[in-house]
Amino acid sequence: MIYFTQKVLKDLKGNLFLNAVTVASTALSVLIFSAFALFFVNVGALANRWVEDARIMVYLNPDAEAETIARLGEAIKSIPDVRGLEFVPREAALQRFRAQLGSQGSLLDGIAENPLPDAYEVLVKVRSWSWDRIGPVAGKIGAMDGVDEVEYGQEWMGRFVNILNLLRLTLYGMGGLFFMGTVFFVANTIRLVLYSRREEIEIMRLVGASENFIKYPIYAQSLFLGMIGGILGLGILFQLYRLLEANVANTMSSSFFEIRFLPVEIAAAVFSGSLLVGWLGCYISLRKFLRS
Amino acid sequence: MIYFTQKVLKDLKGNLFLNAVTVASTALSVLIFSAFALFFVNVGALANRWVEDARIMVYLNPDAEAETIARLGEAIKSIPDVRGLEFVPREAALQRFRAQLGSQGSLLDGIAENPLPDAYEVLVKVRSWSWDRIGPVAGKIGAMDGVDEVEYGQEWMGRFVNILNLLRLTLYGMGGLFFMGTVFFVANTIRLVLYSRREEIEIMRLVGASENFIKYPIYAQSLFLGMIGGILGLGILFQLYRLLEANVANTMSSSFFEIRFLPVEIAAAVFSGSLLVGWLGCYISLRKFLRS
Amino acid sequence: MTAYGSQSAIIQMYRVAKRYGAKSALTDISLDIADNEFLFLSGPSGAGKTTLLKLLYLGETASEGQIIVDGLNLSRISRKRVPFLRRKFGIIFQDYKLIPTKNVYDNIALVVEAVGVERRSIKKMVNSLLRTVQMEDRSRAFPPSLSGGEQQRVAVARAIAGNPKIIVADEPTGSLDADSARVIMGLLKLYHRRGATVIIATHDTALIRQTGGRVILLNDGYLEVSTVIPKLRP
Amino acid sequence: MTAYGSQSAIIQMYRVAKRYGAKSALTDISLDIADNEFLFLSGPSGAGKTTLLKLLYLGETASEGQIIVDGLNLSRISRKRVPFLRRKFGIIFQDYKLIPTKNVYDNIALVVEAVGVERRSIKKMVNSLLRTVQMEDRSRAFPPSLSGGEQQRVAVARAIAGNPKIIVADEPTGSLDADSARVIMGLLKLYHRRGATVIIATHDTALIRQTGGRVILLNDGYLEVSTVIPKLRP
Ligand SMILES: Nc1ncnc2c1ncn2[C@@H]1O[C@H](COP(=O)(O)OP(=O)(O)OP(=O)(O)O)[C@@H](O)[C@H]1O
Ligand SMILES: Nc1ncnc2c1ncn2[C@@H]1O[C@H](COP(=O)(O)OP(=O)(O)OP(=O)(O)O)[C@@H](O)[C@H]1O
Ligand SMILES: [Mg+2]
Ligand SMILES: [Mg+2]
C-alpha cells in the first residue's frame with residue numbers, strides 16, 4: 001500500500017504540469033458546479049419559505065350553525081394535503097384587516113356593522129414546485145357545506161410560483177449543462193494526461209506488461225487527482241461562502257434572508273462525483289487507448 | 001492567404017483529436033457562459049419590469065388649496081429622478097380602493113363619508129439596482145408644502161429589491177467564476193495542444209526557423225479553434241433557447257413573462273471573447289514555451 | 001521449410017506476407033528458427049528486417065500466412081494472451097523505445113516488475129543488469145540526457161532483464177563503438193549459451209563475421225538467401 | 001590552437017568545457033576547424049561527440065570557454081540571432097529528429113520554407129532532394145512508418161536542404177547498409193567539394209578510412225588525438 005502510494009506520487013511528479021492542470025480543472029469544475037448547487041439550494045429554500053406561508057381563506061356562510069362549522073373543520077383537516085387550520089372569528093378578521101390597512105385603518109371607523117364573515121385559515125402542505133396542488137384542495141373545500149367562498153391569492157401567488165418554476169427550469173437546465181461540462185472537462189484533461197503518456201503505455205505493452213499492470217497505476221493516479229480536485233474545489237467554495245456570508249450579514253438589515261452552506265449530503269455527493277469523474281475519464285480514455 | 005488557410009487546415013488535420021477537444025472545450029465554455037448571460041439578461045429584465053412599476057403615493061393635506069396643489073405638482077415634476085406624475089382625486093382613490101378589495105368591497109358600503117385625501121401618484125426613474133434612490137425622492141416630496149404623507153411600499157418592495165440584489169451579487173460572482181473558468185479551460189487546452197507539439201516546435205527551432213515562422217501558424221490555429229468554438233457554442237445556445245421558448249409559450253398561460261435571446265452586442269462580445277481566449281491561451285503558452 | 005525440421009523449431013513462419021496499404025514490406029516468407037539458434041537477419045535499408053521481427057512479437061499482425069512462436073499460433077491468440085507472448089521475448093528496439101519520463105533504473109525495474117519478480121529482489125537485479133552494460137553510474141539519468149550509445153546499452157539491459165526465451169535485437173550495436181559493441185555481442189552470446197534463441201537484425205557484415213552464425217538475407221521484402229557464415233578468426 | 005591558423009578557421013573553440021550538473025561531458029577543448037574542412041569526430045560511446053556538435057549550433061551552451069562560428073561569438077549572440085546562426089548549419093541528428101506528425105515531404109519543405117526559399121520553387125527542390133537520397137517514392141509517408149535507414153536518409157535530405165555552409169552529421173550512416181552509407185558519404189563529399197565544411201561524428205573507423213580526412217578523437221570528454229588519416233585504397 002505504501003509502496004503503491006509512493007509509485008502514484010512518483011508518477012505525479014513525472015508529469016507535474018499536466019497533473020497540475022488536471023487538478024486545477026477538476027477543482028474549478030467542482031467549484032463552479034457546487035457554487036451552482038449552493039445558489040440553487042438557497043434560492044430553493046427561500047422560495048419554499050415564501051410558499052409555505054401560502055394559506056387558503058375559507059369564508060363561511062353567515063347563517064352556518066356552530067355544529068356545521070365544527071364538522072366543516074374536521075372535514076378540512078381530513079384532506080390529505082392540509083397541514084393545519086385555524087378558526088378566525090369575524091371580529092378577529094376585522095381586527096386583522098384594520099392592522100393590514102395601517103395608516104388607512106381609520107377608513108373602517110365609519111362602519112356601522114362588521115360585514116366580514118367567520119373564516120377558516122387553512123395551511124396546505126405545498127412546496128414551490130407543487131404549487132398546483134393547492135388548487136384542487138381549494139376546490140374541494142369550496143364544494144363543502146357551509147362554505148361561502150374560498151380565496152388563496154391565486155393570481156399573484158400563481159404568477160410568482162410560475163416565475164419561480166421557470167427559474168427552476170432554467171436552473172435545472174444550466175445545472176445539467178454544468179454537470180456535463182464538468183465531466184467533459186475533467187474526462188478530457190485526464191485523457192490528455194493519458195495522451196501524453198501514450199508512448200510510455202505503448203512501450204509497457206511491447207515489453208509484455210499486462211493490461212492490469214498498466215491500468216492500475218493510471219486509475220490510482222486519476223482517482224487521486226479527482227480527490228485532490230474535489231477537496232480543493234469544495235474548500236474554495238467554503239471560503240467564498242464565508243466571505244459572502246460575512247458580507248450579507250453586514251449589508252442586509254433583515255435576518256429574514258439567511259444563507260446556508262451546502263448540506264453534508266450534497267457536499268459528499270459532489271465530492272464522490274469528482275472521484276467518479278476521475279474514474280470515468282480514465283475508464284473512457286483507457287478503453288480507447290488500449291483497444292488500439 | 002489561401003496558402004495560409006491551407007496550412008492551418010493541414011495543421012488541424014494533423015492533430016485531430018486534440019483540436020477536436022479544444023473546439024469542444026471552447027464551445028462548451030462559450031455555451032455555459034452565454035447560457036449564464038442569457039439567464040442573467042432575462043432575470044434582470046424581469047426585475048426591472050417589476051421595479052419600474054414602483055410609484056410613490058403622495059397624500060395631500062385635506063385643506064390644501066387648488067393653487068398649492070398645482071404648484072406642488074410642478075415642484076415634484078422638477079425633481080430629477082421623477083419621470084411622471086398623475087393627480088388622483090379622492091373619489092377616484094376610493095373607487096380604486098374598492099376595486100382592490102375585490103370581493104370585500106362591500107365593506108366600504110357602510111361608510112358615511114369618503115375619508116381618503118386627494119393624492120399624487122409619482123413615477124420614479126428607478127431600476128432594480130438603484131432602488132435606493134427612491135428613498136431620497138420620497139423624503140424630498142414629503143418635506144414639501146401641502147403634503148400630508150408619503151408612501152411607497154418601503155417595506156415589501158425594499159425586501160424584494162434586497163433579495164434581487166443579493167441574487168444579482170451571487171450571479172455576478174458566479175459569472176466571474178464562469179468567465180475565469182472558461183479562460184482557464186480554453187487556455188489550458190490550447191496549452192496542451194502546444195505541449196503535444198513541443199517536439200515539433202523544438203525541431204523547427206533547431207533547424208533554424210525564426211520565432212515568427214513558428215508562432216504565426218500556431219496563432220492562426222488557435223484563433224481558428226476559438227472561432228469555431230465560439231460559433232458552435234452560440235449556435236447551440238440559440239437552439240436551446242428556441243426549444244425553451246417553445247416550451248414556455250406552451251406551458252405559461254400569461255404572456256407577461258416573455259424570454260428574449262441575447263442582445264446582439266452581448267453575443268458579439270461573447271464571440272470576440274472566445275477569439276480573445278484563443279489568442280490569450282496561445283500567447284501565454286507560447287511565451288512559456290519559447291523561453292525555454 | 002528449412003533444413004532445421006519443425007520438431008525443434010521455436011519459431012515457424014509459413015508463407016508470411018506483410019503489407020502496409022499498397023506497400024509490400026514482406027512477401028512470401030517461410031522460415032523456421034530452431035530453439036537456441038543464433039540467427040542474423042540482414043539486408044539493405046528498408047528490406048523488411050524490423051518488420052519481420054515485429055511480426056514475431058505481434059508488434060504488427062501478418063497480412064497473410066501462419067506464424068507459430070513457442071507453440072502459440074499468432075493468428076489465433078487472444079488479446080488477453082498477448083502480454084504472455086511478449087514476455088517470452090526480450091526486445092532491443094532499433095529506436096531503443098526507452099520511457100523518456102522515467103530514469104534508467106525505473107525503465108528497467110518496470111520490466112522486471114511486470115514479469116512478476118518479487119519486489120525485494122528487484123533492486124539487486126536491476127543494479128546488476130546496469131553493471132553488466134556498464135551503465136551503473138548513470139542509473140538516475142533520464143534517457144533524453146544519455147548519449148546514443150548509452151541509450152542503446154540501457155535498451156540491451158532491459159531486453160535481458162526478464163530472462164527471456166527469445167532475444168530479438170534490432171541493430172543492437174548501431175550506435176556503439178567497436179569496444180562497446182563487443183561487450184554487447186558477448187552478452188548476447190552468453191544468453192545464447194544459457195539457452196536463449198537470439199535473433200539479430202543488422203546490416204553490419206563485420207558484426208556477423210565476428211561471431212558467425214546462420215544469416216537470413218532479406219531484400220525488398222523477399223527472403224533471398226539463408227546461409228551459415230563461419231566465425232572470422234581475428 | 002591548431003596548425004590550421006585562425007584566419008581561415010570557420011569554427012574556433014578555445015578552452016571549452018561542458019558540464020551537466022556534476023557530470024563533465026567535455027573538458028578543456030581547444031580546436032580550430034578550417035573553412036571547407038572535412039573532419040571526423042570519433043571516440044567511444046559517451047565520449048562527448050554529440051555534445052561537442054550541440055555546442056556549435058547552440059543546442060547547448062558551453063559552461064566554459066569561447067566558441068566562434070563564422071564570425072559569431074556564441075557567448076554573446078542574442079536570442080533573436082540564434083535562428084540566423086542555425087541556418088548556417090545543416091544538421092543530421094543522431095536520433096534524426098523528424099517531425100512525426102508531418103510526412104516526409106513536409107518535413108523537408110518546412111526547412112526549405114524556413115530559410116526563405118520562394119514558394120514556387122519549393123516543390124521542385126524538395127522532390128529533387130528526395131531523389132538524391134532515393135526516398136522519392138516514400139514522400140507521403142510519415143516518419144514513424146519508415147525503416148530506421150529510411151528515416152536517416154530523410155534526415156540527410158533535410159540537412160542539406162538549406163544549402164548550408166557547415167554540415168554537421170552525427171552518426172549519419174549508423175542505421176544504413178554499406179551501399180546506402182556509400183551514397184550518403186558521396187553526398188557529403190559532393191557538398192564538401194561545393195564549399196561546405198563537413199563535420200562527421202562517428203565511431204565507425206571503416207567509414208573514416210573509406211574517405212579519409214582529419215580525425216579528432218575524443219575520450220571521456222577530453223580531446224586525445226588530432227590526426228589525418230589517408231583514404232584507404234579499395
Ligand atoms: N507502419 C508502416 N507503414 C507503412 N510502411 C511501413 C511501415 N513500417 C515499415 N514500412 C515500410 O516497410 C519497409 C520495410 O521496413 P523495415 O522497417 O522492416 O525495414 P528494415 O529492413 O528494418 O530497414 P532498416 O535497416 O533501414 O531499419 C520500408 O520500406 C518501410 O518504409
Ligand atoms: N542533457 C544531458 N544531461 C546530462 N548528461 C548528459 C546530457 N547530454 C549528454 N550527457 C552525458 O554526457 C556524456 C557525453 O554525451 P554525448 O552524447 O556527447 O556522447 P557521444 O560521444 O555522442 O556518445 P554516443 O557515441 O554514444 O552517441 C554522456 O555520458 C552523456 O550521458
Ligand atoms: Mg529496421
Ligand atoms: Mg552521440
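Not measured: the values here are computed from a predicted model.
Within the 4.5 angstrom heavy-atom criterion, no atom of C/Lys49 approaches chain D.
Listed by sequence position, D/Ser147, D/Gly148 are the residues of residues 139-148 of chain D in contact with chain C, using a 4.5 angstrom heavy-atom cutoff. Heavy-atom proximity under 4.5 angstrom to chain C picks out D/Leu176, D/Asp177, D/Ser180 from residues 176-185 of chain D.
Around atom OH of D/Tyr222, no more than 12 heavy atoms belonging to other residues, nucleotides or ligands sit under 6.0 Å away. Atom NZ of D/Lys189 is surrounded by more than 12 heavy atoms from other residues, nucleotides or ligands within 6.0 Å.
Residue D/His203 holds its NE2 atom at 8.0 Å from OG1 of C/Thr173, rounded to the nearest 0.5 Å.
Interface summary for chain C: among D/Ser45, D/Pro44, D/Gly21, D/Ala206, the most heavy-atom pairs under 4.5 angstrom belong to D/Ser45.
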Donor-acceptor list for residues 50-58 of chain D side chains, cut-off 3.5 Å, not counting sequence neighbours:
{"from": "D/Thr50", "atom 1": "OG1", "to": "D/Gln94", "atom 2": "OE1", "distance (Å)": "2.9"}
{"from": "D/Thr50", "atom 1": "OG1", "to": "D/Asp170", "atom 2": "OD2", "distance (Å)": "2.7"}

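The ring pair (Phe, Tyr, Trp, His ring centres under 6.0 Å) search around D/Phe89 returns none, not counting sequence neighbours.
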